[in-house]
Amino acid sequence: MMYSNYFKGIINEGNALSLSPKCVTTMMNIIHLEGKLAGMNALRDKYDKFNFSREIFKVERKLTDLTGNIPPRQLLERFYKITQDEL
C-alpha cells in the first residue's frame with residue numbers, strides 16, 4: 001500500500017492534486033490494485049488452503065506496469081509532468 005498511503009498523505013495535507021483524467025485513472029487503478037493485493041495476501045496468510053500465487057503475481061505485474069516500481073514521489077512528479085504536457 002506504499003503508493004496508496006503516499007497519495008493519501010498528500011491529500012490529507014490539504015494539497016490538491018490537479019492531474020489530467022488519464023493520470024487520475026492510473027492513480028485510481030494503482031490504489032485498486034494495491035487494495036486487491038493486500039486482500040489476497042491477507043487471505044493467503046489466514047487460510048493456507050487458498051493458493052493465490054498466480055493471481056498475486058498477475059496483480060503485482062499489473063501494478064509494476066503502472067508504477068514502473070519507482071518511488072511514489074517520483075510517480076506523482078511524473079503524473080504532474082504528463083498533466084503539464086497535455087495542456
Side-chain angles (χ1 to χ4, degrees):
M1 302 289 288
M2 173 174 63
Y3 296 97
S4 301
N5 289 333
Y6 182 78
F7 299 146
K8 179 178 126 181
I10 294 293
I11 293 168
N12 284 342
E13 288 176 0
N15 297 327
L17 298 177
S18 299
L19 300 173
S20 70
K22 176 183 172 184
C23 292
V24 171
T25 300
T26 302
M27 183 184 293
M28 295 306 293
N29 284 335
I30 291 167
I31 292 168
H32 168 75
L33 290 172
E34 282 190 321
K36 186 175 182 178
L37 190 57
M40 286 191 297
N41 282 324
L43 283 173
R44 183 192 64 194
D45 293 343
K46 187 172 182 176
Y47 303 104
D48 291 334
K49 63 183 177 181
F50 293 111
N51 186 355
F52 290 106
S53 297
R54 178 177 285 175
E55 289 80 12
I56 288 172
F57 177 76
K58 287 179 186 177
V59 173
E60 286 174 340
R61 197 164 102 197
K62 287 179 186 176
L63 193 57
T64 298
D65 289 344
L66 291 175
T67 65
N69 279 338
I70 62 175
R73 182 179 175 144
Q74 272 186 296
L75 183 63
L76 189 56
E77 289 171 0
R78 183 179 289 173
F79 286 160
Y80 284 133
K81 177 146 177 42
I82 291 169
T83 299
Q84 289 300 319
D85 291 346
E86 290 180 357
L87 294 178

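Note: hydrogens, waters and symmetry copies are ignored here, and every other heavy atom, side chains too, is used.
Applying the 6.0 Å contact sphere to CE of M28 captures no more than 12 heavy atoms from other residues, nucleotides or ligands.
Of the listed residues (R54, E60, E55), just one forms a side chain to side chain contact (heavy atoms under 4.5 Å, CB included) with K58, and that residue is R54. With L19 as the partner, the side chain to side chain contact (heavy atoms under 4.5 Å, CB included) test is satisfied by one option alone out of T26, T83, T25: T83.
To the nearest 0.5 angstrom, I56 atom CD1 is 11.0 Å from K36 atom NZ. Here the CG-OG1 distance, from L33 to T64, works out to 10.0 Å after rounding to the nearest 0.5 Å. Note that CG of L63 is 10.0 Å distant from CG of N29, once rounded to the nearest 0.5 Å.
Closest of all the heavy-atom pairs between G35 and M1 is N-SD, 3.8 Å. Here the closest non-hydrogen pair linking E86 and S20 is OE1-CB, 2.9 Å. Annotation for I70 and T67: closest pair CG1-O, 3.2 Å, computed over non-hydrogen atoms. Heavy-atom minimum distance, I30 versus F79: CD1-CZ, 4.2 Å.
Placement of Y6 and I82 in two distinct hydrophobic clusters is found when ILVMFWY residues are connected by side-chain heavy-atom separations under 4.5 Å, directly or transitively. One hydrophobic cluster, built from ILVMFWY side chains closer than 4.5 Å, holds both M2 and L76.
Salt bridge status for E77 with R73: present, with a side-chain N to carboxylate O gap under 4.0 Å.
Annotation: side chain of L75 is not in contact with side chain of M27 (no heavy-atom distance under 4.5 Å). Side-chain contact between M40 and R44 is absent, with no heavy atoms from C-beta onward closer than 4.5 Å.
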